[in-house]
Colleague: 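Take a look at this one; I'll ask things after.
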Amino acid sequence: MPEADDADDEEEMPLSLRLSIADALTLGNATCGFMAVYFTTTGILIPHLTGSQETGMARSSAATAVILMLCAAVFDLFDGLVARKLRSSPMGAELDNLSDLVSFGLAPAYFVLVYGMVANDAHQRVAAVGAVVVLLAVVLRLARFSCVTPANGMFQGMPSPFGALTVVAIVLLELPFVATLLAIVGTAWLMVSRVEYPKPRGPLAGAMLSWIVLSMGMLAAWAFGAPGGQLLLQTGCALQLVMGAVIPLFATARRVNNFRDNRREARTAQLP
């Protein structure tokens, strides 16, 4: 009977082909990244190429693209939490890396590329190099993450979601082109560096989620032309850059304190 055959096929389906709830969240991450590229193309690049002067649509599309990247970061945050609480399929890690490459590699790199094409003081070919640097930094970071097991609840290098949002914040700040490019390359270097960043767990995960929601509100206020929306956006982007530079200092201070404590305990153990 057909129904019985379908049931048997489902039971015999390899475990590696069954998606878990965490995997569904991971696929939501990839979808948000792709849609961010879509809105960047249709709302910013195409109007620029066709000579459209609708700045409101470009602003709304830019805000939508960034909000989608923020949503991808939320999916990336929760798929790990759900996988730890419930379960993940054997291909969960591969799905996570591929989705992160789309949302936090391709999407921000494409955002930088389009910025180089539409900004008045930008140089398209130089911006394209910056976009490639961002993409390759994320590729290298994800590959290293697959090969190296992080210790003590710390990441080596800026996490790719945080790095992607920092790159986008740099572009939205509308700094001079040279300063923008240097900041983007510096962020790419942080992603492949050995600078330590804490994993978003416990209270830190809640703080990160609150920051993402607040950032969405700032982007929405800017997109709809709310009073003070531009100032809110610039403040949020500046805070994103400050956090990217300051958070590693806490990890460094923690490592120094641990080194001092270990040295003090060693001296105490040597005393008669």
Side-chain angles (χ1 to χ4, degrees), residues 28-73 75 99-139 161 163-185 187-188 215-238 240-241:
N29 171 8
T31 302
C32 288
F34 175 77
M35 293 306 296
V37 173
Y38 169 79
F39 278 99
T40 303
T41 302
T42 59
I44 302 176
L45 180 59
I46 292 179
H48 172 75
L49 296 177
T50 57
S52 174
Q53 300 298 322
E54 297 182 14
T55 57
M57 184 178 68
R59 175 182 295 186
S60 176
S61 297
T64 302
V66 179
I67 287 175
L68 284 166
M69 293 184 213
L70 289 167
C71 291
F75 279 118
S99 298
D100 287 353
L101 180 59
V102 174
S103 299
F104 311 125
L106 175 62
Y110 186 72
F111 199 82
V112 172
L113 179 66
V114 173
Y115 154 75
M117 300 177 67
V118 303
N120 293 328
D121 63 337
H123 300 276
Q124 180 176 337
R125 294 182 179 179
V126 180
V129 174
V132 171
V133 169
V134 171
L135 179 63
L136 294 181
V138 174
V139 170
L165 298 178
T166 303
V167 167
V168 171
I170 293 169
V171 174
L172 293 178
L173 270 176
E174 297 182 350
L175 299 171
F177 177 73
V178 175
T180 299
L181 186 66
L182 290 176
I184 288 173
V185 172
T187 303
S215 300
M216 289 180 179
M218 294 178 183
L219 286 162
W222 173 67
F224 289 105
Q230 182 70 26
L231 179 61
L232 279 175
L233 178 71
Q234 292 177 346
T235 302
C237 292
Q240 177 73 26
L241 268 65

Colleague: So Leu173 and Leu241, do their side chains get closer than 4.5 Å, heavy atoms only?
Modeller: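 Counting from C-beta outward, Leu241 and Leu173 do come under 4.5 Å.
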Colleague: Measuring from atom SG of Cys32 to atom CZ of Phe104, what distance do you get when rounded to the nearest 0.5 angstrom?
Modeller: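 Rounded to the nearest 0.5 Å, the SG-CZ separation comes out at 9.0 Å.
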Colleague: Which residues pass the ring pair (Phe, Tyr, Trp, His ring centres under 6.0 Å) test with Phe177, not counting sequence neighbours?
Modeller: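 By the ring pair (Phe, Tyr, Trp, His ring centres under 6.0 Å) rule, Phe177 matches His123.
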Colleague: Mind checking what makes side-chain hydrogen bond (donor to acceptor under 3.5 Å, both in side chains) contact with Ser215, not counting sequence neighbours?
Modeller: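 With neighbours one apart ignored, the set is empty.
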Colleague: Using every non-hydrogen atom in the two residues, find where Leu175 and Thr180 come nearest and quote the distance to one decimal.
Modeller: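 In this case the closest contact between Leu175 and Thr180 is O-OG1, 3.3 Å.
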Colleague: Could you walk me through whether Thr40 and Leu45 satisfy the side chain to side chain contact (heavy atoms under 4.5 Å, CB included) test, starting with their C-alpha distance in whole Å, then the side-chain angles of each, then the deciding distance to 0.1 Å, before giving a yes or no?
Modeller: CA-CA 7 Å; Thr40 303; Leu45 180 59; 5.9 Å; no
Colleague: Rounded to the nearest 0.5 Å, what separation is found between the CZ atom of Phe39 and the CD1 atom of Ile67?
Modeller: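 Answer rounded to 0.5 Å: 10.0 Å.
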Colleague: For Val134, enumerate each residue passing the side-chain contact (heavy atoms from CB on, under 4.5 Å) test, keeping only those at least two apart in sequence or located in another chain.
Modeller: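 Testing Val134 for side-chain contact (heavy atoms from CB on, under 4.5 Å), a comparison that skips the adjacent residues, returns Ala109, Val167, Ile184.
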Colleague: Between Val138 and Asp100, what is the shortest heavy-atom contact and its length?
Modeller: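 That would be CG1-O, 4.5 Å.
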Colleague: Which value, rounded to the nearest 0.5 Å, describes the distance between Phe34 atom CZ and Leu106 atom CG?
Modeller: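 The CG atom of Leu106 is 9.5 Å from CZ of Phe34, to the nearest 0.5 Å.
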Colleague: Kindly give the heavy-atom pair with the smallest separation between Val102 and Gly33, and that separation in Å.
Modeller: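 Answer, listing the atom of Val102 first, then Gly33: CG1-C, 4.1 Å.
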Colleague: What pairs meet the side-chain hydrogen bond (donor to acceptor under 3.5 Å, both in side chains) rule with one or both residues in residues 222-235, with sequence neighbours excluded?
Modeller: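 As it turns out, the side-chain hydrogen bond (donor to acceptor under 3.5 Å, both in side chains) pairs with a partner in residues 222-235, which skip direct neighbours, are Trp222-Gln230.
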Colleague: Can you measure from CZ (Arg125) to CG (Leu113) and round to the nearest 0.5 angstrom?
Modeller: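 If we round to the nearest 0.5 Å, Arg125:CZ and Leu113:CG are 13.0 Å apart.
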Colleague: From Met117 CE over to Ile44 CD1, what is the distance, rounded to the nearest 0.5 angstrom?
Modeller: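 It comes to 11.5 Å.
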Colleague: Taking the side chain as everything from C-beta on, heavy atoms only, tell me whether Met216 gets closer than 4.5 Å to Cys71.
Modeller: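 When only atoms from C-beta onward are counted, Cys71 and Met216 do touch, with a gap below 4.5 Å.
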Colleague: Which heavy-atom pair separates Leu232 from Met218 by the least distance, and what is that distance?
Modeller: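 Taking Leu232 first and Met218 second, the nearest heavy atoms are O-SD, 3.5 Å.
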Colleague: Can you name the closest pair of heavy atoms from Leu135 and Gly105 and give their distance?
Modeller: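 The pair with the smallest heavy-atom distance is CD1-C, 3.7 Å.
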Colleague: So, using side-chain contact (heavy atoms from CB on, under 4.5 Å) as the criterion, who are the partners of Ala30 when residues are at least two apart?
Modeller: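 For Ala30 the side-chain contact (heavy atoms from CB on, under 4.5 Å) partners, ignoring immediate neighbours, are Ser99.
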Colleague: Leu70 and Leu219: side chain to side chain contact (heavy atoms under 4.5 Å, CB included), yes or no, with the steps?
Modeller: CA-CA 11 Å; Leu70 289 167; Leu219 286 162; 3.6 Å; yes
Colleague: Show me the pairs that pass side-chain hydrogen bond (donor to acceptor under 3.5 Å, both in side chains) and involve residues 102-118, at least two apart or across chains.
Modeller: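 Of all non-adjacent pairs touching residues 102-118, those that pass side-chain hydrogen bond (donor to acceptor under 3.5 Å, both in side chains) are Asn29-Ser103, Thr41-Tyr110.
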Colleague: So which atom in Ala127 and which in Gly116 form the shortest heavy-atom distance, rounded to 0.1 Å?
Modeller: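 Smallest heavy-atom distance, with atoms named: CB-CA, 3.4 Å.
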Colleague: Is a side-chain donor or acceptor of Thr50 paired with a backbone partner of Pro47 at a separation under 3.5 angstrom?
Modeller: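 Confirmed, Thr50 side chain pairs with Pro47 backbone.
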Colleague: Tell me, do Phe111 and Val66 make a side-chain contact under 4.5 Å, heavy atoms counted?
Modeller: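 Yes, at least one pair of side-chain atoms sits under 4.5 Å.
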